[in-house]
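The block underneath contains the structure these notes are about, expressed in structure tokens.
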Amino acid sequence: MNEIVASPTIAQARAAGPRFGERMLSAGARCAIPVYVLLALGFLAPLFAVVAYSFATPRGFDVFRTFTLENYRQILDPANTVWMSFAWSLGLALLTVAILTLVAYPIAYGLARLFGRSAGLVSVLFVFPLFVSENIRLYGWVLFFIKGGVLDGTLKAMGLPGAPEFLFTPAATLFGMVYVYLPFMLFPMVLGLSMVPRDLIDAARDMGAGRLQIWHEVELPLAMPGILIGMLLTFVLAVGAVAESKVLGGQSVIVITQDIEIAFTYAQNWPFGSALAVILTLIVGVLTVLGIGRLDLDRILGRRS
Amino acid sequence: MNMQTKPVTDPSAAATRASILTLTNLVKTFGTYMAVDGIDLAVADGEFLTIVGPSGCGKTTLLRMLAGLELPTSGEIALRGQVINDLPPNRRPTCLVFQSLALFPHRSVGENIAFPMKMKGIAPEKRRARVEELMALMRLPAHYVDRNVMRCSGGERQRVALARAFAYDPEILFFDEPLSALDYKLRKELEKELKDIHKETGKTFIYITHSLEEAMVMSDRIAVMRSGRMLQVGTPEEIYTRPQSRFVAEFMGEVNVFPVRRAGDGMFDGTRIPGRFQVAGDPAAEGFIIVRPEAMRLVAPGETVENRIEARLYNSYSLGSRMQFRLNVGEDHLIVEQLRAGGPMPDLDREVSIGWDSRDAIFVEA
């Protein structure tokens, strides 16, 4: 009934010809307008503000009215040790990715292939810590590692010499990062591995391939999209990590995110902080684009020969 | 170990040759479910054996056991007298063509075909030469070598999968309904091609399908499977003309089934469709008379015929050179097929007589 009533109205509207705007944009483009507006205001505008601030007079707030490269000159000045923070951030992030790739692969393999029905439960156990604030979890590890804490105390109670000094070292920072970002590596990897059809593994085995050959000829290349997505995600998150070096690392190393935070808060030098942020964004952006370039989804899915 | 030309001209010759694969009381259970329930079978060297059965009859499980992808629960698989139950698939001289074909989507046609040779450590130049040879055998254009397999059509992928299986140079090839995803015309074409390739290579083929029609075209022998058991093994001719059970007879296509019981005078009384019927030979006291549609005919009023039934003509269907009629008898319906006669078509919804000669019917025990 509704269609019968509605159809003359549609016919009339069609007969009246396209209204203003319909001629310029397709229906899809018009539907996407709210998203464009949201992205422009919520994503591009702040980014633009940060870039604008990075060219403002140091320690001032005269954004858009002045243009100077002084902030960048300061950063690139050999006397400034801020490059150490960049190096620590990138180095720790790369190490985190490397360790997580090795740690997460066997777990992901188990989840995708071996655990069967209990895979769901195991996944939930890995997700569960995400419901607790990162800082609280990191302080939990502080209580575990601290002198006279859980580990040290238990070892001493058993008559052993006690735990070695571990807390407030760069190694502790790395440990914290590996711990916090495990799920972000694990789940894309599970996805990648479960996208490898079982038949292909069976077929490779049937045609004489040994375990190692199956892994490197079939499983790894086909699971690569998931693995690369996990690596990129973890890297991007780890470069921006700050809580681990503050809480577990005890500021034994200063990461770049912390420098940016200091510039915006204690130092009240927004232009300098903005310039640091722009450089970090560029570095991460270039590395990500290089990574995605290797992630040739079309070829993997066979849409291109 | 090169592929030789060993033509198999006489199908019956295959059955008399030494057996390459022997199954003895082979059983596979999943929990309490009997997937394969005690199968004995001897496959002759160079034979094209097709295992037919409805889905869920255990044929895929059987094939996966033969390929080494499943372990038998009990029983024996012997290859040339050697028990190979525990031999892993990569060390068996057998190769399976999967229903999904299982081509490597990240590899080109050439790389797919060369895969088994690469695994064996054969030198790249030798691999390339063999790939070219196999592509020619499978009628694949030579320039496809560098094309991604996912860009090939269904029929081409089929040929790539087959070429890859041959590249492994197996003694026995297994096929798990590889043609089921293709359209009718291409399937018919590839069925014949597969039989030609079997003839050219002289390898042993074991093929599974749920389509008896497919099995008829290609096979030297057909094994009919149901609920994990072999019901009948024989040449297509035997399976078609002498089915040993109602299931095998009905699996062959549309047939008319008359449940009957022997009466005192040697005639048989229909227990479902009323009538008195003659049966050739010396049958058991109770069973089914099975009459193929083409063995039945419409009978003119005065004509005498060995077996006669009165039925109501429901509808007629043209099959090209032949006509098919559907007739109703009570709740049951019968199918009669005959050549398109020159005369007038019988009227629908009228009582007609149909009949058949006893020698054209098949009797199977209940």
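Side chains are part of it too, since the values below use all heavy atoms of this structure and drop only hydrogens, waters and symmetry mates. In what follows, every chain begins at residue 1, and chains take the letters A, B, ... in the order their sequences are listed.
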Subject >> Whether over 12 other heavy atoms sit under 6.0 Å from A:Phe48 CZ >> reply: no
**OP:** Could you tell me whether A:Asp202 and B:Arg64 have a side-chain N and a carboxylate O separated by less than 4.0 Å?
**Re:** yes
Subject >> Side chain proximity check, A:Met207 to B:Met119, heavy atoms < 4.5 angstrom >> reply: no
Original post:
Is the side chain of B:Arg92 donor-acceptor paired with the backbone N or O of A:Gly208 at a distance under 3.5 Å, no angle test?
Top reply: no
**OP:** Looking only at non-hydrogen atoms, find the nearest pair between A:Leu200 and B:Phe104 and report the distance.
**Re:** O-CE2, 3.7 Å
Subject >> Proximal component of B:Leu101, with respect to chain A [non-hydrogen, under 4.5 Å] >> reply: neither
Original post:
Roughly how far, to the nearest 0.5 Å, is CD1 of A:Ile214 from CG of B:Asn90?
Top reply: 7.0 Å
Original post:
About how many Å separate CG of A:Asp206 and OG1 of B:Thr94, when rounded to the nearest 0.5 Å?
Top reply: 5.5 Å
**OP:** Assess whether atom NZ of B:Lys126 is packed by more than 12 heavy atoms of other residues, nucleotides or ligands within 6.0 Å.
**Re:** no
Subject >> Max heavy-atom pair count under 4.5 Å with chain B, selected residue of A:Pro197, A:Ala204, A:Gly210 >> reply: A:Ala204
Original post:
Looking at B:Arg91, B:Lys118, B:Lys120, which has the largest count of heavy-atom pairs under 4.5 Å with chain A?
Top reply: B:Lys118
**OP:** Answer whether the closest heavy-atom distance between the side chains of A:Glu217 and B:Arg107 falls below 4.5 Å.
**Re:** yes
Original post:
Considering residues, nucleotides and ligands other than A:Trp88, do more than 12 of their heavy atoms fall under 6.0 Å from its CH2?
Top reply: no
**OP:** Check the surroundings of atom OH in B:Tyr33: do more than 12 heavy atoms from other residues, nucleotides or ligands lie under 6.0 Å from it?
**Re:** yes
